[in-house]
Structures are given as structure tokens and as C-alpha cells.
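First up is the structure itself, then whatever we jot down about it.
Just the heavy atoms: all of them, side chains too, but no hydrogens, waters or symmetry mates, feed the values below. What you see is a predicted model, and the numbers here were worked out from it, not measured in a lab. All chains are named by letter (A, B, ...) in the order of the sequence lines, taking the proteins before the strands, and each is independently numbered beginning at 1.
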Amino acid sequence: MRTLFANFVAIYRRELQSYFASPFAYVIAGVFWLLSGFFFVALLMGPQGLIQQAAYRDQMGITNPPVDVAYQFLSFFLGTLSSLALFILPILSMGLYAEERKRGTLELLATSPLTNWIVALGKLMGALTFFITMLLPLLIYQAIALSAADPPAQFTVMLLGHLGLVLLAAAVLSLGMFISSLTDSTILAAILTFALVLFLWVIDLVADSLAGPVGEALKHLSLIRNYTTLTQGIFDSSSVIVFLTYVVLGLFLTAQSIEAFRFQRS
Amino acid sequence: MIEVEHLSKIYGATPAIQDVTFSVEQGEILGFLGPNGAGKTTTMRILTGYLPASSGTARIAGFDVHEDSMAVRQRIGYLPETPPLYPDMTVESFLHFVARIKGVVAGDRAKQVESAMQRCNLLEKRKVLIRKLSKGFKQRVGIAQAIVHDPPAIILDEPTVGLDPRQIIDVRNLIKSLAGDHTIILSTHILPEVSMTCSRVAIINRGKVVATNTPEQLMAELAGESGYDLEVEGNLALVQDRLQILAGVKSVERVSDETLSDDRQRLRIALEAGPDPGREIAALIVGSGLGLYEMRRTKVSLEKVFLDLTTEEKTIDPDLVAEAYDRATTSAGSLPDSTPAVADPWDADSAHLDSTVETDSTDDRSEGEAP
């Protein structure tokens with residue numbers, strides 16, 4: 001058990017280190033911060049922004065139903081972040097195994113006393129940690145903006161929304177990691193991951209057109225639907241479980257694909 | 001320490017290695033010699049647990065590489081053909097990482113990394129990113145990662161490939177210094193490397209081990225090939241026949257040599273195993289009034305052994321093939337009652353050796369007669 005943990009830490013640290021040592025990751029983070037900052041301002045203070053709309057309603061004397069600008073803003077902004085993440089996450093996950101395969105370092109990992117599970121888990125957590133560090137600066141300006149809200153913003157909504165974002169990221173990264181383990185081309189891994197995630201994103205549209213229990217079941221697989229539940233401030237354990245299932249599925253498939261890769265390669 | 005028995009690996013329908021059997025004693029360096037594509041890398045990958053064998057067993061330090069893969073992985077250091085390096089790490093942090101995943105306990109890590117860097121002459125580059133290192137240094141980092149956890153068995157796949165001559169010497173010395181405490185298998189297609197670094201050599205060709213022995217003994221196997229090269233002035237016809245009948249002389253032939261003036265000629269004398277007739281040869285030539293300008297002992301180099309052993313398809317004698325076939329069928333017939341038909345490499349080898357010796361001398365002759 002202790003060695004398993006030590007192995008996990010070793011893989012995790014190396015993975016994190018590779019993100020922080022690469023200019024590539026900083027470019028991604030920079031673009032993410034730029035875009036999210038732009039949307040933050042536009043959503044809140046732009047000409048069509050929420051503050052303008054609220055002011056407009058006040059002028060018109062519409063007070064019923066009352067609007068909770070902070071709450072609305074959070075769910076809009078988190079929705080935007082998830083769309084950005086859709087593009088960012090496949091790029092973070094594309095190199096996880098494809099790079100190792102290309103460089104031949106997979107041979108080092110595969111001949112070291114490590115289990116495939118631990119390697120996959122360490123890598124996933126490394127990528128996820130990098131994503132979380134990308135979110136941290138956003139928390140600061142959200143906190144600044146929301147501290148001025150009257151009535152005060154609900155802390156639980158903010159917490160659940162970001163928890164949802166992290167879970168969503170973990171699910172996407174895990175599936176992306178699996179796809180990355182299938183190829184030694186990082187670009188191909190990114191494109192395939194993007195396609196898969198897009199499909200899981202919109203699966204509820206497909207589900208809507210299908211009647212009966214199949215459509216009902218497909219609806220629950222939709223990433224965006226489960227995510228929206230959380231950003232609305234509703235803690236729905238089924239949503240959490242769906243995301244965790246994706247994570248475990250990704251880990252399992254990755255471990256299997258690496259095992260298969262070793263056994264069939266010629 | 002390392003025992004390999006009847007190992008085979010089949011990719012689809014093509015066998016990569018067939019019935020490979022050898023063993024390496026504690027502290028030995030075994031050179032795995034063969035042309036490209038002979039199955040060296042496949043064998044090594046099976047030993048490291050990276051690939052499963054189709055049949056046969058391999059054990060390292062008593063652990064089966066497939067059954068007890070984790071125990072084996074802890075006890076081996078492995079340098080694949082392309083050194084597995086993370087270009088964005090420094091030498092030191094990479095070695096720390098490897099030490100960690102190889103299970104070196106935290107207290108020993110710094111010490112082990114330090115000594116691995118020292119052994120591989122990497123101390124001055126410890127803070128340099130691997131991406132910025134030259135090929136030679138990268139190779140050394142590759143070796144350092146194979147020894148950082150001080151494994152009892154080290155497996156090196158072509159450790160000197162792509163290095164400049166100076167670096168090659170460094171790497172060979174490093175490998176030699178590791179023997180004793182460590183058991184080493186290294187693969188190479190460079191022949192002098194084996195005679196310089198290895199205490200034993202296994203020659204592999206087309207997936208089969210065709211010979212296993214010490215480099216010296218492999219050469220001794222071809223002792224019949226040793227002889228003298230002479231540069232003689234005068235009418236050779238006088239002595240050639242008399243040389244031929246000297247005790248210990250197997251054959252005498254003229255070799256064309258454009259660089260010599262018209263009155264000088266080059267003779268190649270092949271010897272039989274046994275007492276060396278060098279003294280008599282010199283006495284005969286000088287006694288006949290001919291001028292002796294050069295007399296040089298020729299020894300079979302490992303290169304020749306290697307070529308002889310690995311190019312049998314072109315030069316094999318049909319009679320010997322038939323003979324080997326007979327032998328194979330009779331031994332197959334006796335398989336059930338006798339002890340498991342251990343691959344008996346010696347039998348097969350001597351057939352190869354004979355055949356190549358045969359054909360090689362004909363080659364030489366034709367070369368001599370050409371002008």
C-alpha cells in the first residue's frame with residue numbers, strides 16, 4: 001500500500017512537473033484566462049450584461065419575479081467555462097500517453113514495478129491538478145465580484161458549481177487519457193477526444209428525439225445535463241456518480257489498453 | 001542469475017525468436033551478438049517483462065519474468081534501444097523520478113542518484129535539461145537510469161549505438177566496471193565490443209542462438225583458420241610444394257596483392273591445430289634463398305566468427321545440410337525417452353562452423369586465382 005502511494009506520488013509529480021515546465025501549457029492557460037476573463041466582463045458588465053439587464057428591469061419597474069443577479073451570473077459564467085473547458089481539456093489530455101509512446105518512455109514505465117492503474121491514476125490527477133490551478137485565478141475575481149452582491153451570493157452555489165466543473169474535467173480528462181493511450185499521435189488523440197466529448201455533450205439532444213427508456217437512459221449520460229444540475233446549486237448525487245463513473249471507466253480502459261498494447265505489439 | 005529456456009516469440013505467423021536457451025552467471029557480462037533484426041530486442045523485452053513470450057520460460061534471480069513480473073522489474077535495470085528520457089526534466093530530477101518508481105526507499109535515493117551520476121560521469125550536467133544534452137550524454141543518462149536502483153541484473157540494448165569513438169570507450173569502461181556486482185546482458189551488432197567487454201557471448205541469428213561461449217573459445221573453435229601471411233621475394237614455385245608438406249600446414253596459397261612489386265608475392269598459409277610450424281616455414285624459405293620481407297601471424301577475429309555463423313544461407317554445403325537434417329530427425333525420433341531435447345546448440349554449431357570454414361577457404365582461393 002505504501003509503495004503504491006509512493007508510486008502514485010512519483011507519477012503525479014512528474015506529470016505536474018511536465019505541465020509546469022512546458023511553455024505549451026502556459027499558452028493554454030493564458031488563452032483560457034484571457035477568454036474566461038473576457039466572458040466574465042461581458043456577462044457581468046457588458047452592454048447586454050446582467051447588471052445592465054437588472055438596471056433596465058428596475059427602470060421599467062418590473063420587480064416580480066425578483067432576479068438574483070449573483071446566482072444567474074454564476075450559472076451563466078460556469079456554463080461558459082464548461083464550453084471553454086470542452087476545448088481546453090482534450091489538449092491537456094492528448095499527450096498523457098501518446099507522448100510516452102512516442103518518446104519510448106512507456107517502456108520505462110512498463111518495465112518498472114508499477115501497476116497500470118497507478119500510472120493512469122497519477123497521470124489523471126496530475127492533469128486535473130493543472131486544470132484546477134487554471135481555475136484558481138478565476139476564483140479570485142469571482143470572489144471580488146460576488147462579495148459586492150446584494151442580496152449576498154450563495155456560497156454553496158459557487159462551491160457546487162466549481163465542484164461540478166472539476167468533476168466534469170476529471171471525466172473528460174479520464175476519457176481523453178484513454179484515447180491518448182490508443183495512439184502515439186497527440187494531434188489525433190486531441191481530435192478524437194474532442195469528438196467524443198462533443199458527442200457526450202450533446203447526447204441529450206439525441207436522447208430527446210428518442211422516446212422510451214433508451215432515450216431516458218441516454219439523457220443521464222449527458223455531461224452538460226449533469227453539469228447544469230450542479231451549477232444550479234442542486235447537489236444531486238446521481239450527477240456526481242455519473243461523473244465518477246466516467247472517471248473510473250476512463251482509468252479502467254486506459255489500464256486495459258496499455259496492457260493490451262504490450263501484449264499485441266509487433 | 002538469468003536463465004532462459006526454450007524461449008520463443010511469434011508475431012502473427014512470423015517467429016521473432018525460436019527456442020532461445022542460455023544462462024548468465026552472477027557477475028558475468030553476456031554479449032548478445034547478432035545482425036539487426038535477429039531477435040535481440042525481442043529477447044530483451046521478454047526478459048524485462050515488457051513482452052510476454054509465446055512459449056518457454058525466463059527467470060531472473062529465480063523469479064519468472066511473467067509470473068512474478070513485479071519482483072523481476074524491481075531487480076532489473078533496462079536500457080531500451082532508444083533511451084527512455086523525459087526531455088523536459090533535468091538529469092538529476094529524472095534520476096530521482098526513476099529511483100522513486102523503481103522503489104528505492106526515500107532515505108537512499110539521494111545517495112543512489114549521486115552514485116549513478118558519478119559512475120556515468122554526469123555530475124557536471126546534473127542541472128541541465130535532458131532536452132539540451134548531446135546524444136552521448138543522453139545515452140549516459142539512459143545507462144544511469146538503468147543502474148540508479150542498483151539492480152542485480154542490468155539489460156542494455158545496444159548501449160553504444162550512435163556514440164562517437166571516445167564516448168564508446170567511456171561507455172564500455174563503465175559497463176566493465178559494473179560487472180562483478182551486477183549481472184549484465186548487453187546486445188550489440190558491433191563485434192569488437194563483445195570481445196572487449198563481455199565475458200561470454202551468445203550469437204543470435206534469425207531468432208536462434210547459434211553459439212554460446214567465451215569470445216576466446218569461440219575463436220579457438222575456428223583455430224584451423226589461424227595461419228601466417230608472408231611476403232616473399234623470388235621464385236615461389238621452388239618452395240610452395242615443400243611448404244605444403246610441412247607438418248602442421250593445412251594449405252598454402254598465393255594471394256594477389258597489387259601493391260607489391262613484380263618480384264614479390266604474398267602467401268597465405270593456413271595451419272592445422274597443434275604445434276606451430278612457424279619456425280620451419282621461415283627456415284625453409286630463407287634456406288631456399290628466397291627473401292622473406294614479412295611474416296605475420298593471422299588470427300581469426302571475432303568478426304569472422306560472427307560472419308561465419310550468421311551468413312550460413314549463402315555458403316552452406318548441401319552435404320552438411322543433409323547431414324544436419326539426418327541428425328535432427330534422429331534426435332527428434334529419440335525425443336520421448338531421452339531427457340527433454342535440450343536445444344543442443346553445439347551440435348548444430350559445429351555444422352555451421354565446418355560449412356563456413358569450407359566455403360571461406362574456397363573464397364580465398366578464387367580470390368587468389370582471379371588474376
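- Of the two parts of A/Thr111, the backbone and the side chain both hold a non-hydrogen atom closer than 4.5 Å to a non-hydrogen atom of chain B.
- With respect to chain A, the highest number of heavy-atom pairs below 4.5 Å among B/Glu81, B/Gln74, B/Gln145 belongs to B/Gln74.
- Heavy atoms of B/Val72 lying under 4.5 Å from chain A are absent altogether.
- Looking at A/Ser18, both its backbone and its side chain come within 4.5 Å of chain B, counting heavy atoms on both sides.
- In summary, the aromatic rings of B/Tyr50 and B/Tyr78 are positioned with their centroids too far apart to meet the 6.0 Å limit.
- Two rings, from A/Phe77 and A/Phe40, have their centers less than 6.0 Å apart.
- Most heavy-atom pairs under 4.5 Å with chain B: of the set A/Leu108, A/Ile118, A/Leu109, this distinction falls to A/Leu108.
- Put simply, of B/His96, B/Lys102, B/Met89, the one with the most heavy-atom pairs under 4.5 Å next to chain A is B/Lys102.
- Between chain A and the residues B/Thr82, B/Thr48, B/Thr42, the most heavy-atom pairs under 4.5 angstrom are made by B/Thr48.
- Of the charged side-chain nitrogens involved, at least one lies within less than 4.0 Å of a carboxylate oxygen, so that A/Lys102 and A/Glu99 count as a salt-bridged pair.
- Note on B/Arg200 versus B/Glu25: no salt bridge recorded, every NZ/NE/NH1/NH2 to OD/OE distance being 4.0 Å or above.
- Taking chain A as the reference chain and counting heavy-atom pairs below 4.5 Å, the highest number among B/Leu79, B/Thr14, B/Leu85 is found for B/Leu85.
- Aromatic rings from A/Phe76 and A/Phe39 are positioned such that their centres are separated by 6.0 Å or more.
- For the pairing with B/Phe63, the side chain to side chain contact (heavy atoms under 4.5 Å, CB included) check across B/Arg75, B/Met70, B/Arg73 returns one residue only, B/Arg75.
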